[in-house]
Amino acid sequence: MAELSLPPDSLFLGFDSSTQSLKATVLDSDLNIVRTELIHFDSDLAHYKTKDGVYRDTSIKGRIVSPTLMWVEALDLILQKLSDSNFDFKKVIAVSGSGQQHGSVYWQKGSSEILRSLDSKRCLKEQLENAFSVKESPIWMDSSSTKECKEIENAVGGAMELSEITGSRAYERFTGPQIRKLFIEKEHVYKSTERISLVSSFMASLFIGDYALIDETDAAGMNLMDIKKRSWSNSVLEATAPGLEEKLGKLAPAYATAGSISQYFVLRYGFQNKCVVVQWSGDNPNSLAGLTLTTPGDLAISLGTSDTVFGITKEYQPSLEGHVLPNPVDPESYMVMLVYKNASLTREEIRDHCAQGSWDVFNKYLLETQPLNNGKLGYYYTENEILPPLPVGSHRYILENFSGEPLESVKEQEVNEFDPPSEVRALIEGQFLSKRAHSERFGMSSPPIRIIATGGASANENILSLISAIFGCDVYTVQRPDSASLGAALRAAHGWLCNKKGSFVPISYLYEGRLEKTSLNCKLKVKAGDANIASTYGLLMKKRMEIEKKLVEKLGHF
Ligand code: ADP
Ligand code: XUL
């Protein structure tokens, strides 16, 4: 494939439309980052009055949404910012992006016309104000569709059956249950909807000026796709809502081109006519691409608004917790993933409550407390958790006589509070003991060959050290913590190459033999320490899971 290469002096633009922000990363043809940009929803678009990029609707239990138009305005703003800094849009030959997974956008009848006839003299927000039949998009943090989850699982023969078909049992945040809820509660709105997009395909639609297809990888977060066939599953579609297939459109592989960039962007920002838009995908799948995760046994831990743990596998092994998705850059393998809702925002809450709102104080507490926290175990849920399915609340225990010996004789005593340093350690140890326990239970390799950490909190080396101690392996990071927009830029280059060749090209072709010269290179951050500590953490983990089981039996679900 000697003739196939990225043109010198070309650029690849990757976005990440996430919970709290819209980020952009630009790669050059040597795969080095040449530009980044960010719009923070709460502060840069304060008129939407979101907190953490979302609205928590206190009148409906578990409802968490974001204003769809805010995502549109964020795109107006980030492109304007790039333009104001004389960014040379002409050099961009491919654009792609990541979207927070599961979130859905409902296009009003007639909106495809609006998309096709966008006026380059006016901003997108102004023209799309009336394009949505649902103005507030349900997002991944929502947990209000428990009833619909049960209905869908029952209709197809149970939770495991649904997991066999789609890669996951029904989850409240998944798009299918959300669509069913809309159909049941507001049938007229459902009927007035011409098209349903994921956040990923929604953003791609803006760029191509037409409805973009849904990417097969992100579709695995909908509870609607037959993952082995990579087509919509008729039985699940029927269990969800009538006439749904027509509203979803078709599916496309992640490496496909969604279309050419719309004239709107050519005329308004100076993109070249030949710039292609590569299918957008979910943030986690694109992070997998951005972290160049290709070895089964390597584990990625993403510490953003959500925490996720993911890896790759050749075998399809669905389960009742955790998700299986197509690998966005390798049609032969799957991505396996665990997702936690109590992540950065929960860490922020404990930081604000116990560590004077300062990461420095938070880190000082981590440093001055002992590994295993003298048997203090904590469970902190500021949002309804996904894994395990526990409602908002916190639970603290002290293990009596805990000395790292077998735990049969160790009893736990529930307490109301810990001193601030112990609270901080209990939070972080608890979050990562849970990740180790659930990843082992899901069949992910233990210990992992190595962990690659990403996401906002991966900038915190004290947290990385604890991850290394608990999992008993080396921890790596990439140059920047925003691997979802980096992965999107890489996928833009990959899609461009596949488009040029007219068929799939292995993504490693882009960086083979020169990875260390690119911005994709992972660097060792924390070397695995004492194996005895990791094995004692293994005992603590078992105790934690015993208590977790009791909590789920008592309080499980919302
Ligand atoms: P998103 O999932 O929205 O893309 P990011 O990956 O950008 O989120 O992560 C944002 C989060 O990173 C913030 O909510 C913040 O709590 C966390 N963060 C940033 N710096 C630190 C730090 N030094 N220590 C711990 N967490 C941090
Ligand atoms: C994945 C999930 C979250 C969102 C966050 O299943 O719900 O990680 O993708 O953006």
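Atoms within a ligand are numbered from 1 in the order they appear, just like the ligands themselves.
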Output yes when [X] and [Y] qualify as a salt bridge under the 4.0 Å nitrogen-oxygen rule, no when they do not.
X    : Y    : value
K61  : D57  : no
R396 : E423 : yes
D142 : R173 : no
D42  : K51  : no

Heavy-atom closest contact (Y381 atom, P391 atom, distance):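 Distance-wise, the nearest heavy atoms are CB-O, 3.7 Å.
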Interatomic distance, N286 atom CG to D482 atom CG [nearest 0.5 angstrom]: 12.5 Å
Separation between SG of C473 and CZ of R450, rounded to the nearest 0.5 Å: 10.0 Å
Short side-chain to backbone donor-acceptor contact, Q279 and L213, under 3.5 Å: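 Pair found, side chain donor or acceptor close to backbone of L213.
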Sole candidate of D215, D283, D218 that passes side chain to side chain donor-acceptor pair (under 3.5 Å) when paired with S200: D218
Could you list each N/O atom of ligand 2 together with any protein N/O atom closer than 3.5 Å, one pair per line with the distance?
| residue | atom | partner | partner atom | Å |
| --- | --- | --- | --- | --- |
| ligand 2 | 6 (O) | H102 | NE2 | 2.5 |
| ligand 2 | 6 (O) | R173 | NH2 | 2.9 |
| ligand 2 | 7 (O) | H102 | NE2 | 3.2 |
| ligand 2 | 7 (O) | R173 | NE | 2.8 |
| ligand 2 | 8 (O) | N284 | ND2 | 3.0 |
| ligand 2 | 8 (O) | S306 | OG | 2.7 |
| ligand 2 | 9 (O) | Q101 | N | 3.0 |
| ligand 2 | 9 (O) | D283 | OD1 | 2.8 |
| ligand 2 | 9 (O) | D283 | OD2 | 3.4 |
| ligand 2 | 9 (O) | N284 | ND2 | 3.4 |
| ligand 2 | 10 (O) | D283 | OD2 | 2.4 |

If you look at each N/O of ligand 1, which protein N/O atoms lie under 3.5 Å away, and at what distance?
| residue | atom | partner | partner atom | Å |
| --- | --- | --- | --- | --- |
| ligand 1 | 2 (O) | T305 | N | 2.9 |
| ligand 1 | 2 (O) | T305 | OG1 | 3.1 |
| ligand 1 | 3 (O) | S18 | OG | 3.0 |
| ligand 1 | 3 (O) | T305 | OG1 | 2.6 |
| ligand 1 | 4 (O) | S18 | OG | 3.1 |
| ligand 1 | 4 (O) | K23 | NZ | 2.8 |
| ligand 1 | 6 (O) | G456 | N | 2.9 |
| ligand 1 | 7 (O) | K23 | NZ | 2.9 |
| ligand 1 | 8 (O) | T305 | N | 3.4 |
| ligand 1 | 8 (O) | T305 | OG1 | 3.4 |
| ligand 1 | 9 (O) | G456 | N | 3.4 |
| ligand 1 | 14 (O) | Q20 | NE2 | 3.1 |
| ligand 1 | 14 (O) | E348 | OE2 | 2.5 |
| ligand 1 | 16 (O) | E348 | OE2 | 2.5 |
| ligand 1 | 24 (N) | N460 | ND2 | 3.1 |

